[in-house]
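For reference, the structure discussed in these notes is given below.
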Amino acid sequence: MSHGHEFESPVDLHGRPVPAGHPLRWASVTIAVASLFLLVTNAVSISAWIEEQTPGPIQAKVAAVAGSWLASTEALGTATPRAALHKQWKAAQAVRFESEAKAPDQR
Amino acid sequence: MLFPTLTFGLFFLVVYTLVWSTGRHNEWRKILLLVASWIFYGAWDWRFVTLLIGSAFLNWGLARLIDRFDPEEDAPHRKSLMIIGVIANLSILGFFKYFDFFIGELAPIVTAWGFARDLPLLQIVLPIGISFFTFQGMSYMIDVWRGRVKAASLLDITLLMSFFPHLVAGPIVRASHLIPQFRETPKVNRGMMAMALLLIVWGLFKKAVIASELATRLVDPVFFDPSAYGSLDLLFAAYGYAVQIYCDFSAYSDMAIGLAALLGYRFPRNFEQPYRAASLQEFWRRWHMSLSSWLRDYLYIGLGGNRGGLMFLCRNLMITMLLGGIWHGAKWTFLIWGGLHGVVLAAERIWRDVKPEGWPMLPRWIGIFITFHIVVLGWIFFRSESFDGAISYIAGIASWGGTATMITPLGLALVVLGLEMHFMPPQIMPALALRLRRIPAPAMGLLVGMAILLIDSMRYEGVAPFIYYQF
């Protein structure tokens with residue numbers, strides 16, 4: 001029960017440092033861009049999350065804003081990729097092996 | 001507050017912004033992290049934040065007292081304080097985790113002896129992550145007693161035990177590893193940040209897609225009523241659970257390591273492709289490494305380790321694994337799971353000693369196959385609600401009958417993917433991170449956003465708690 005590198009961290013990479021750019025700024029911009037991207041393309045999840053929160057006047061107002069934002073992204077077409085991917089995933093979930101699909105009454 | 005939720009995402013964005021805005025003010029940074037950790041824990045149940053703080057005070061105070069005594073001249077005092085600390089920690093853990101179990105088990109015995117009394121079941125709520133933070137505090141105090149670490153400040157110890165990335169499901173980060181990091185303003189590099197983002201996205205995929213899909217559509221229904229399914233379904237669901245628990249738990253560890261790294265701290269790895277192990281001993285070097293090394297350093301070695309001959313070593317292995325089993329919870333099935341691992345570990349060790357010279361070694365792939373199936377057998381006990389349930393599950397597989405109704409192409413693909421990821425070169429992730437760190441931040445942001453969008457479109461509705469939250 002012993003291991004030589006059990007306390008090594010996987011985030012310590014053995015490579016030459018990248019000279020350009022401050023790492024924190026790089027990570028912060030990455031996170032900001034990813035967040036904005038998801039805000040524009042994944043409004044359906046944001047709206048669903050707000051709907052799940054405890055009902056109240058603030059929640060109702062935020063839900064209304066999220067709802068109109070969702071409608072805007074749908075009108076712009078930025079919600080389409082997520083909807084298409086989700087549809088594909090649902091189709092993959094529904095696929096059965098041939099023998100099973102042919103004889104559901106035998107189960 | 002679960003990692004793969006928008007609630008946690010927003011919480012983390014606020015914490016990330018505030019923490020890095022403290023600049024070089026390391027003490028303020030730690031105070032912010034501590035408050036954030038208490039908010040994170042309090043989101044589940046505020047009452048137990050006091051337990052967390054109390055536990056930190058206990059271990060900090062005892063370690064300070066131990067440190068005051070001279071290791072040479074006052075060794076008995078130091079040892080007494082350490083023993084008091086271990087008893088106090090185990091009492092807290094025992095009360096919350098095992099009190100109702102022991103009372104429940106004691107009741108029939110007491111009744112059989114003619115004392116027909118209702119014993120007081122307290123219906124105790126188990127504080128999330130109590131096993132993890134208790135072990136962390138206890139190991140710090142023991143390390144101070146052993147002279148391996150210096151007694152640390154109250155702020156550092158409280159943060160060590162409360163730090164939200166590892167708080168509820170590990171990895172168990174030792175004081176010797178994290179306290180030195182707390183003492184300095186963190187330094188990061190692009191590779192560390194790229195790897196952190198990669199680990200978070202990879203963990204999100206393993207949890208939200210593989211583990212959730214397998215749990216809801218395969219494992220949960222089959223384990224709920226094994227008698228309703230044929231042997232192929234039972235076998236497939238057992239494999240499915242092996243993949244689910246790996247993807248669930250390693251996902252939490254990956255995300256914890258990634259989140260901590262984004263805040264500037266390095267956690268040790270917790271998993272290393274465990275199902276490619278060719279022996280159970282190797283499995284435990286790859287599975288939940290922070291717990292197995294904890295059990296080795298603070299229990300197995302404490303019991304004498306391998307210093308007293310083969311039978312003594314086997315006894316210590318059995319005790320360690322049985323206690324490791326019961327650490328997971330107050331259930332006989334966990335004890336049997338630990339016992340099974342203990343027996344096989346002992347058998348492997350005995351075989352290594354008695355194997356006649358010149359006998360050929362098993363090919364590695366056969367070792368992997370056998371080890372994996374022993375681990376799966378253990379998982380059946382681990383996952384089943386009761387001992388009888390586990391036995392009927394295994395009997396169902398052995399009966400080899402019935403039709404397969406639960407195996408779908410998607411389920412099969414996910415199980416294969418979950419096993420296949422154990423046989424990929426381990427350098428893939430670091431190599432990818434080394435490449436990603438050279439990408440401009442906006443492009444990296446788009447890549448991360450697209451990956452999360454893809455995962456979110458595949459995720460099961462709602463997020464189930466991580467399996468290890470209950471421990």
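Here the structure is a predicted model, which is why all the values come from computation and not from measurement. Here is the naming used below: chain letters follow the sequence lines, and residue numbers restart at 1 for every chain.
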Just by modelled atom types, is the B:Trp287 backbone N or O under 3.5 Å from a matching donor or acceptor in the B:Glu272 side chain? no
Do B:Arg266 and A:Asp12 meet the salt-bridge criterion of a basic N to acidic O distance under 4.0 Å? yes
Only heavy atoms, only distances under 4.5 angstrom. Which residues in residues 29-39 of chain A are near chain B? A:Val29, A:Thr30, A:Ile31, A:Val33, A:Ala34, A:Ser35, A:Phe37, A:Leu38
How about residues 82-93 of chain A versus chain B: which residues have heavy atoms under 4.5 Å apart? A:Arg82, A:Leu85, A:His86, A:Trp89, A:Lys90, A:Ala92, A:Gln93
Using the ring pair (Phe, Tyr, Trp, His ring centres under 6.0 Å) criterion, which residues pair with B:Phe267? Sequence neighbours excluded. B:Phe163, B:His166
Return yes if some donor-acceptor pair links the side-chain N/O of B:Arg459 with the main-chain N/O of B:Pro4 below 3.5 Å, else return no. yes
As an exercise: rank B:Val448, B:Ile439, B:Leu453 by heavy-atom pairs under 4.5 Å with chain A and give me the winner. B:Leu453
Heavy-atom pairs under 4.5 Å with chain A, option from B:His177, B:Glu213, B:Met429 with the top count: B:Glu213
Parallel, tilted or perpendicular, as decided by the 30° and 60° cut-offs, for the rings of B:Phe8 and B:Phe11: tilted
Non-hydrogen atoms of chain A under 4.5 Å away: do they reach the side chain of B:Pro171, the backbone, both or neither? neither
Looking at residues at least two apart in the chain, or sitting in another chain, which of them share a ring pair (Phe, Tyr, Trp, His ring centres under 6.0 Å) with B:Trp294? B:Phe135, B:Tyr298
B:Ile455 versus B:Val201, closest heavy-atom pair with distance: CD1-O, 3.5 Å
Assert top hit (heavy-atom pairs under 4.5 Å, partner chain A, pool B:Asn270, B:Leu410, B:Ile452) equals B:Leu410
Given a strict heavy-atom distance threshold of 4.5 Å, which part of B:Ala260 is in contact with chain A: side chain, backbone, both, or neither? neither
Side-chain contact, heavy-atom cut-off 4.5 Å: B:Pro268 with A:Glu8? no
Given a strict heavy-atom distance threshold of 4.5 Å, which part of B:Leu197 is in contact with chain A: side chain, backbone, both, or neither? side chain
Structural part of B:Leu436 lying under 4.5 Å from a heavy atom of chain A: backbone
For atom CD1 of A:Ile58, decide whether the heavy atoms of other residues, nucleotides or ligands shown that lie under 6.0 angstrom number more than 12. no
Check for me whether B:Arg296 meets the cation-pi criterion with B:Trp284, that is, NZ or CZ under 6.0 Å from the six-membered ring centre and within 45 degrees of the ring axis. no
Between B:Tyr265 and A:Ser9, do the side chains contain an N or O donor and an N or O acceptor separated by less than 3.5 Å? no
Among B:Arg437, B:Arg217, B:Met192, which has the most heavy-atom pairs under 4.5 Å with chain A? B:Arg437
Let's test your reading of the structure: which of B:Val188, B:Val209, B:Asp254 forms the most heavy-atom pairs below 4.5 Å with chain A? B:Val188
Quiz question: by atom type and distance under 3.5 Å, do the side chains of B:Ser176 and B:Asp143 form a donor-acceptor pair? no
Whatever's closer than 4.5 Å to a heavy atom in chain B on A:Trp26 counts as both
Under 4.5 Å from a heavy atom of chain A, the part of B:Thr7 involved: both
So which part of B:Leu447 gets closer than 4.5 Å to some heavy atom of chain A, the side chain, the backbone, both or neither? neither
Of the listed B:Pro409, B:Pro430, B:Pro442, the one with the largest count of heavy-atom pairs under 4.5 Å with chain A is B:Pro409
Partner of B:Ile172 under side-chain contact (heavy atoms from CB on, under 4.5 Å), picked from B:Ser293, B:Ser292, B:Ser290, is B:Ser290
Bottom line for B:Ala261: the part with an atom under 4.5 Å from chain A's heavy atoms is side chain
Donor-acceptor contact present, side-chain A:Ser47 to main-chain A:Val44, <3.5 Å: no
